[in-house]
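Structure record follows, encoded as structure tokens.
Protein chains get the first letters and strands the later ones, always in sequence-line order, with residue 1 at the start of each. All values derive from a computational prediction rather than experimental measurement.
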Amino acid sequence: MKCPKLGKALLGAQTFCGINYSNDECGANGLPLTPTSIKILGRFKHQLLKLRHPNLCKYISLHRSKHERVVVVAEYYEKNLLEIINNQSEYFRDFELLSCLANEIVGSLVYLDKHDIVNRNLSPSVILFDENNRVKLFEYGLFYVTGWGQDVKFPIGQLKYMSPEVIAAGPKAKFGICNFSSKVDVWSVGLILLEAYIGTILWKELTTAKTIKKILSYLKFDGSAFDIIIKEDLNENQQKQIKLLPSEIYTLIRQCLLISAADRPKIQALYNFRLFKNFSKDVEKFDVRDDMFASTSRMKNFDFKCNAGNECMSDFLLEERTLDEIYYLWCIAGGDAINSFKKAFLVRPEPPVTTLPKFISLEGESAGQMRDKSNLYDGSVLILSQDQLRKRLSNLTEEDFFPLLNSELEKTGVSTNRSRNSNEFNQSESLPRIIREADVEYQFRRIILFDRLLLAYPSKQRDLQKEARIDIPPFLRAKIWSALLNVKGDIQGHFDSIDKETTIAIDRQIEVDIPRCHQYHELLSSPSGHQKLRRVLKAWVVNHPEYVYWQGLDSLAAPFVALNFDDEALAFCCLENFIPKYLHNFFLKDNSEVIQEYLAVFSHLISFHFPELSNHLNEIGFVPDLYAIPWFLTMFAHVLPLTSLWHIWDTLLLGNSSFPLCLGVAILEQLSPRLLQCEFNECILLFSDLPELDIERVVNNAIKIFRSTPKTATYRRHAHVKTDEKMKDTYYSEEYSLKKECLIANDPISLSELKREKLPRICSQDLLELLEFRKSSPSSSPTKVNGSDTSKPKMLIMDIRNPEE
Amino acid sequence: MANRTASRPANGQNKICQFKLVLLGESAVGKSSLVLRFVKGQFHEFQESTIGAAFLTQTVCLDDTTVKFEIWDTAGQERYHSLAPMYYRGAQAAIVVYDITNQDTFSRAKTWVKELQRQASPNIVIALAGNKCDLSNKRMVECEEAQAYAEENSLLFMETSAKTAMNVNDIFLAIAKKLPKNDGGSGGNGSSGVSLERTDPSSGGGCCK
């Protein structure tokens, strides 16, 4: 789903620490406890990141640092309610403004409640206002993200705005008791509205103890604390003001401050108050998809802003980009949220020696150590300066922000005019991937370009594929992959309609596999990640009764889940489209034929390209069956870390179903100097823990191998034959499968025969093509053909027929 | 790691025997972890699941003999069961693993033992390993119960922990001791020791997966 635009927002960062578990603590399953910062990160990406509401500051990112410290980055504005109350005390005497304030605060809370989030952290200082004076709630969801306060040592919420039952329950009360329902937020709303109206912060001079005492004292009474506050805390003038309040606002505040939680309305019920009768109450609309998988018209809310002319052009254009994109660019422009805190001295690690206790009794009781301040919550917000980024992007022009998609011209052969900097741009394309990915301007242009192509998806799918052959900007990888996988339609509805809860026979297996799947990855090792992976796997198994869960499916689903952590439906649909394309029938209950054929073709390819290696491996009996099953069953997801897998799959997704075979050959090639020297045992040990590979080289070699492989050499009977008309002349291609069909028709061979043979069979067309009697079709490799290396290989053809034939 | 028993065969006077050993048992009981501990002396808390089967080797020295284990570590998922015969066919030893914190895995281990007794080569040395004994506070299978079962079926038995390395090398050593090591075959069955013909799975009449 689309992230809101930057506008005039600032990037604000906050930090806090989770509880640090000691190293040897284990959970019920004997595994070490998940670090709190990982749990927090999982919840953050699962829930907070996807919340979108006009009155909520959008969350952007959460980073983990040392000692369970996390840094949260969110949309931020400098103006807040506290300031207004202190400086313009009569501002909210205007009833219209006041009811608008009430509506916006309540609206955002109703939205949070719909997502089962109790805020419990409301105070005037977190109610911010944007440049249009619209409420932007900040620092919400802290209670949710910390596991209802269990993962941190500090209490959550501002004491003064806590309802009596929250204080009565104590700082460490567990979630689930009635006092943690949305009613606690209702209380705070009442108090805040009262303060806004009278233009004074109440109980300013009270100490913590006295505040607690005061709020607890209300429990002795029935009715509303509003009446008590008017009597005890307001001066004559303020009491007069209260009398002027219109009845609907008066009732609202009075009901909000009902002392008994049982009587107090829930946040949802506030919407029924007369005050809100003229406001829109549709909270559903904020969660409706507006991205490329929207089920309604995507252009419905499209607005195109014009620069009134009084602003710097590049700043104005930048403001039209989304918050998360700006933050991504900010990071590669050298920004580091964690470091910024250190530089601003907001995180000051205590010297360890000062944290030692001064006294330890023989029983082990210690005393006299300083309290570790890092465990407390410091609400200060650090504003991340955008200057550096703006400077780096300052020489961009309007054309750079709105590149023309002139694919029609390209087709007819007219040279492309990407932008006036196109030369420079093409130069950067030839740089190593790692440099390109760290180049702000390059990434910016790529993101802009792909963003536009995705906006036009699926009609621009072919251009998207063409661009993806150059590279895929990591920021948009999730969306681009789904476009390459041809995911379309109402994915949310599709995913939601599948039953993922009912117990099925395979549950136990999934349950034991998930905690072992890519656990080095911070998202996949979080409890939210486990739940997501489980739901996606179950949905796939349930939705495909003809297939079964084979161990390995978990590894296959994991990259999609990690990539689409805030979008389960998309993760699922990508998996669902990936499997038929690359792993057709691999998950049949009896898949041995399919896999045996695949492996046989794989060994043919090895001998076709690297005869020496193939001979050696065959001699020592190191057959693909021993090592390559996990490679192909999971498309390398089981054997490569995700950081390498991203780039492997970036290219894999552009190729057809035989491309993975070429990747396999390329991996062998890279390891071949070692393999050639090794005996069987060393080989198998080498592969039991795949050594570090140069992924870029693997990918490039795989492409070379793919291009120099006769198409029929990789023919498999069990490959998926695409019948989708639309995909006709891309390389998932029809021409390709047609050729195969002509081959089988003439010359079907059985699996056992296939396995006996050492080399691939190719059909006559391919032979002619190899001899360059026929020009090979230009668009069939997954990257751009650079034109230079079409040198003809030398070829020897031997006719081994009998003279009689 | 320090507790690694392996050593290379020193010189010609050492007798070298190769044995094929297979690990069987329910998934997530710690088969791969046992092998990893034995072969590399390592332990990973989040050992990934095994797909198909994994193959590793390790050598142990016993008096004047060098015993080389060729270890087939099989996938635990029930679905892979039909492929198991391919791995235990011709194996001289098997370790059937269960998880002491899970009664079901013990029942599963018993079925494996039965199957081996029925289908595998008659002289196969079977060891029963109750793994994860570092989690004894969550124990669901009593040591005595397993011990009694092992005696009944003349299995080697040990409770092991791949995490703490307890009894891991010992169980492999115990197997090595029990295996017949006189060259040229023993126990009437021609091929029980010595040079292992690598059973090529691709010629094994089916699938390796």
Side-chain angles (χ1 to χ4, degrees), chain A residues 26 28-32 505-506 508-509 511-520 525 548-555 586 589-596 598-600 603 620-634 638-639 680-682 684-685 687-689 752 755-756, chain B residues 18 26-30 32-33 35-36 39-40 42 44-59 68 70-73 75-80 82-83 86 99-102 104-105 132 134-138 161 163 197-209:
Chain A
C26 281
N29 53 2
L31 292 173
I506 203 68
R508 195 228 160 225
Q509 190 63 51
E511 221 52 52
V512 299
D513 285 347
I514 285 174
R516 308 188 271 165
C517 184
H518 291 288
Q519 291 304 295
Y520 56 85
S525 65
V548 295
Y549 176 86
W550 282 90
Q551 279 187 316
L553 190 65
D554 50 336
S555 308
F586 270 56
K589 203 163 178 192
D590 179 12
N591 58 8
S592 62
E593 278 235 344
V594 184
I595 289 184
Q596 284 307 309
Y598 204 87
L599 296 177
S603 25
I620 61 172
F622 191 62
V623 290
D625 310 52
L626 293 173
Y627 59 88
I629 291 173
W631 289 13
F632 295 122
L633 187 75
T634 66
H638 189 76
V639 288
F680 181 82
N681 287 336
E682 285 89 13
I684 205 103
L685 278 175
F687 275 49
S688 74
D689 229 346
S752 53
K755 285 168 72 171
R756 238 188 358 257
Chain B
Q18 279 195 29
E26 181 63 85
S27 57
V29 295
S32 304
S33 295
V35 178
L36 194 70
V39 175
K40 297 189 182 170
Q42 299 170 344
H44 300 158
E45 296 280 3
F46 304 102
Q47 177 69 38
E48 284 148 10
S49 57
T50 306
I51 292 175
F55 181 86
L56 285 161
T57 61
Q58 175 66 305
T59 323
K68 182 173 177 192
E70 303 208 327
I71 306 165
W72 283 96
D73 171 23
Q77 190 187 3
E78 176 65 27
R79 206 169 299 297
Y80 290 87
S82 57
L83 313 170
M86 198 176 72
D99 169 1
I100 65 155
T101 68
N102 184 331
D104 291 342
T105 64
K132 306 196 187 177
D134 52 296
L135 298 178
S136 55
N137 55 337
K138 299 188 187 77
S161 166
K163 187 170 178 174
E197 274 235 286
R198 196 163 297 113
T199 38
D200 180 2
S202 58
S203 66
C207 39
C208 175
K209 150 122 244 307

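- Formation of a donor-acceptor pair under 3.5 Å by the A:Q509 side chain with backbone atoms of B:S27 is not found in this model.
- The CG atom of A:N681 lies 3.5 Å from the OG1 atom of B:T57; values are rounded to the nearest 0.5 Å.
- For a residue to count as touching a neighbouring chain, one of its non-hydrogen atoms must lie under 4.5 Å from one of that chain's; by this rule A:F687 does not touch chain B.
- Note that CD of A:Q519 is 11.5 Å distant from CD of B:E45, once rounded to the nearest 0.5 Å.
- Neither the backbone nor the side chain of A:S525 comes within less than 4.5 Å of any heavy atom in chain B.
- Between B:E26 and A:R508 there is a salt bridge, with a side-chain nitrogen of the basic residue lying less than 4.0 Å from a carboxylate oxygen of the acidic one.
- Residue A:V512 comes nearest to B:A28 through the heavy atom pair CB-CB, 3.6 Å, listed as atom of the first residue, atom of the second, then distance.
- Within the 4.5 angstrom heavy-atom criterion, atoms from both the backbone and the side chain of B:Q77 approach chain A.
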**Request:** Would you please test B:W72 and A:L626 for side-chain contact (heavy atoms from CB on, under 4.5 Å) and show each step?
**Result:** CA-CA 10 Å; B:W72 283 96; A:L626 293 173; 3.0 Å; yes
**Request:** Run the numbers on B:F55 and A:F622 for ring pair (Phe, Tyr, Trp, His ring centres under 6.0 Å), then give the verdict.
**Result:** CA-CA 11 Å; B:F55 181 86; A:F622 191 62; 9.3 Å; no
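- Taken to the nearest 0.5 Å, the CD1 atom of B:I71 stands 12.0 Å off from the CD1 atom of A:I684.
- When all heavy atoms of B:K40 and A:L685 are compared, the closest pair comes out as CE-CD2, 4.3 Å.
- Distance check: A:K589 NZ to B:R79 CZ gives 6.5 Å after rounding to the nearest 0.5 Å.
- Contact between B:A75 and A:Q551 at its shortest, heavy atoms only, is CB-OE1, 3.9 Å.
- Annotation: the span from B:S32 atom OG to A:R516 atom CZ amounts to 7.5 Å, rounded to 0.5 Å.
- Using a 4.5 Å cut-off between heavy atoms, B:D73 makes no contact with chain A at all.
- Contact of B:T50 with chain A is made through the backbone alone, with heavy-atom distances under 4.5 Å.
- B:S49 and A:D513 make their closest contact through CB-OD1, 4.0 Å (heavy atoms, listed as atom of the first residue, atom of the second, distance).
- Taking CZ of B:F46 as the start and OH of A:Y520 as the end, the distance is 13.0 Å to the nearest 0.5 Å.
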